[in-house]
Enquirer: 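I'd like to ask you about the structure that follows.
All values below come from the heavy atoms of this structure, side chains included, with hydrogens, waters and symmetry mates left out. Chain letters run A, B, ... following the sequence lines, proteins first, then strands; residues in each count from 1. Keep in mind the model is a prediction, meaning the values are calculated, not measured.
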Protein chains: 2
Amino acid sequence: MTAPLPLRLGELERRGLRDRVYDLVLEMLLQGDVEPGSRLSIDTLAKQLDVSPTPVREAMVQLERTGLVTREALKGYRVAPPFGPEELAELFDARLMLELEATRRAAPHADLLLPRLREAHDLHRAWAEQVTAAMAAGEPSTRVTQEYFAADAAFHRAIFECASNRFLLAMHDDLGALTHRLRQAVIRGANDVEEAHAEHAAVLEALERGDVEAATASMRAHIEGVRTRSVREEIAGD
Amino acid sequence: MTAPLPLRLGELERRGLRDRVYDLVLEMLLQGDVEPGSRLSIDTLAKQLDVSPTPVREAMVQLERTGLVTREALKGYRVAPPFGPEELAELFDARLMLELEATRRAAPHADLLLPRLREAHDLHRAWAEQVTAAMAAGEPSTRVTQEYFAADAAFHRAIFECASNRFLLAMHDDLGALTHRLRQAVIRGANDVEEAHAEHAAVLEALERGDVEAATASMRAHIEGVRTRSVREEIAGD
DNA sequence: GTCCGAAAAATCCTATAGGAAATTGGGTTC
DNA sequence: GAACCCAATTTCCTATAGGATTTTTCGGAC
């Protein structure tokens, strides 16, 4: 038997070109700088990324799952159209169901959950302060907001990861891209990020007490808070 | 202005070769005649179906979503390994959450739901009788069981379609393939299909009375019944 | 018999080419 | 000026080719 290798590179996951193209296009879409409804030409993307159309094509198939693009046979891909009011309501209803169930299931695993959640919560606070500072200064940095979005997503994902249900986690990830796109519309509000952070704190505090009922109630209040802020911006934003 | 075309073929959806390959491989996997864990070579599939590897490759990317195949970069695709006990439990937990939520949301739309549900229920009864007759005769026709599976899936899907939430419906469809694969292990029981039909009847009857509480309770009993029969077969089957 | 290693085969992955369909643009007719 | 039709271009889609990697096979050493 050989001694355990000091450099164990077996963990680093090998990836094909298709996966890198997927990441790039996904980032481009989440960035939000592409207009909804506009075409996403396979060949054009291939030339822009300096690869052949084949891996681009496969990445687009994979992107269909995120809901960020729509496909029509023989006509190509388009950036998904913006949310309508009813689609928005359905997304929040679905997310509420998932988050409540995840909170219920994750609460018993406090030993795993709480450290991760506290760490995510601290990061969320740090970036929230950055965002509010940037907004006060009148310079909305996309760099900062993207980091804030990531911290927000990490907080919620920590709960799902501790819910010990891979299908629940998969459903959350499937809605993740659409949720992220939604977040971008909710940033404009002055103290939105601080409200969100306070709601997160309520969830965390209830979980620290081991109070499952209070935790789910706080999570419900949080999701409904995000919903309220979303529709508020939906109306405010022309 | 021309008169409205008598044959309006605008509805029929045009499909590429990739979609047909997807359907064929999906059917092959749902049929259950391929061994879990075995390799699914792109080139081999392409030769078998007499097409080029390119559309096969795209169909495989799409199949990743169903959970029926697993991919490892540079190593190809494999038929997903069989369910372990914990995976089975998680799948039922997730499905229970979805079905209960769908029942709650579909119940108010009785005018849309009940006709469709009754029709699906009648079909379910018809094929259930076919299955029990075939099993009594000792000839388990895959043709009949597949039709029964389709009728069972149609009953549940009718509820989700009337829940008026596209994301809930999408989640259900995402779990659909795995659920279907699970069904195949639950057929052996003598009167399993009749039990399932009786449980469906309880759900339908409660919905006809407009009793949402009873409907969700019946749905919970149904899913738990399927779970019980599944693990019973899981243990019985070597 | 078992383990190891190199050659051979199979497979994955990307690039390129060309046919088929859709979109665009321009000219004509009413 | 608007609607229509046809050509030109763009784009999608599938097939083929070849390099890179993995898997298998086979021979030899312990």
Enquirer: Please tell me if the side chains of B:M171 and A:L98 come closer than 4.5 Å, counting only heavy atoms from C-beta onward.
Expert: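 Answer yes - side chains close enough.
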Enquirer: For A:R118, does the CZ atom sit with more than 12 other heavy atoms under 6.0 Å from it, leaving out its own atoms?
Expert: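 It does: A:R118 CZ has more than 12 such atoms within range.
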Enquirer: With sequence neighbours left out, write down each residue that passes ring-ring contact (aromatic ring centres under 6.0 Å, His included) with A:H121, or none if nothing qualifies.
Expert: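 Once residues adjacent in sequence are excluded, the partners of A:H121 under the ring-ring contact (aromatic ring centres under 6.0 Å, His included) criterion are A:F155, A:H197.
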Enquirer: Ion pair present between A:R71 and B:E58, side-chain N to carboxylate O less than 4.0 angstrom?
Expert: no
Enquirer: Between the side chains of B:R227 and B:D93, is the shortest nitrogen-to-carboxylate-oxygen separation below 4.0 Å, so that they form an ion pair?
Expert: yes
Enquirer: Just to be sure I understand the geometry, which residues of residues 16-27 of chain B put a non-hydrogen atom under 4.0 Å away from DNA chain D?
Expert: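 DNA chain D contact set from residues 16-27 of chain B: B:G16, B:L17, B:R18.
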Enquirer: Is there a donor-acceptor pair under 3.5 Å between the side chain of B:R18 and the backbone N or O of B:A59?
Expert: no
Enquirer: Test of understanding: with ring-ring contact (aromatic ring centres under 6.0 Å, His included), list the residues that count as partners of A:Y22, not counting sequence neighbours.
Expert: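 With sequence neighbours excluded, A:Y22 shows a ring-ring contact (aromatic ring centres under 6.0 Å, His included) to no residue whatsoever.
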Enquirer: Report yes or no: is the cationic atom of B:R183 (NZ for Lys, CZ for Arg) under 6.0 Å from the centre of the six-membered ring of B:Y148, at an angle within 45° of the ring normal?
Expert: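 No, cation not above the ring by the 6.0 Å, 45° rule.
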Enquirer: Does anything in residues 57-70 of chain A reach DNA chain C, meaning a heavy atom under 4.0 Å, and if so which residues?
Expert: none
Enquirer: So do B:R95 and B:L182 actually touch side chain to side chain, heavy atoms under 4.5 Å?
Expert: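 No. Closest side-chain heavy atoms not under 4.5 Å.
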Enquirer: I need the CD-C1' distance between A:E72 and D:dC13, as an integer number of Å.
Expert: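 After rounding, the gap between these two atoms is 15 Å.
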Enquirer: Within this structure, what is the CG-to-C1' distance between A:L74 and D:dT11, rounded to whole angstrom?
Expert: 11 Å
Enquirer: Determine whether A:P81 and A:T70 make a side-chain contact, defined as any pair of heavy atoms from C-beta on separated by less than 4.5 Å.
Expert: yes
Enquirer: Rounded to the nearest Å, what distance is computed from the NZ atom of residue A:K75 to the C1' atom of nucleotide D:dT11?
Expert: 12 Å
Enquirer: Is any side-chain N of the basic residue among B:R116 and B:E119 closer than 4.0 Å to the acidic one's carboxylate O?
Expert: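 Not counted as a salt bridge, because no side-chain N and carboxylate O are separated by less than 4.0 Å.
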Enquirer: Give me the first and last nucleotide of DNA chain C, going 5' to 3', that has any atom under 4.0 Å from a heavy atom of chain A.
Expert: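 Listed 5' to 3', the contact boundaries are C:dT14 to C:dT23.
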Enquirer: Determine, using ring centers only, whether B:H124 and B:H200 are less than 6.0 Å apart.
Expert: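 Yes - the distance between ring centres of B:H200 and B:H124 falls below the 6.0 Å cut-off.
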Enquirer: Atom CG in A:L169, atom CZ in A:R157: separation rounded to 0.5 Å?
Expert: 4.5 Å
Enquirer: Starting from P on D:dT10, measure out to CG on A:L40 and report it in whole angstrom.
Expert: 19 Å
Enquirer: For DNA chain C, find the residues of residues 42-54 of chain B with a heavy-atom distance under 4.0 Å and give them by number; none if there aren't any.
Expert: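 Contacts with DNA chain C under 4.0 Å: B:I42, B:D43, B:T44.
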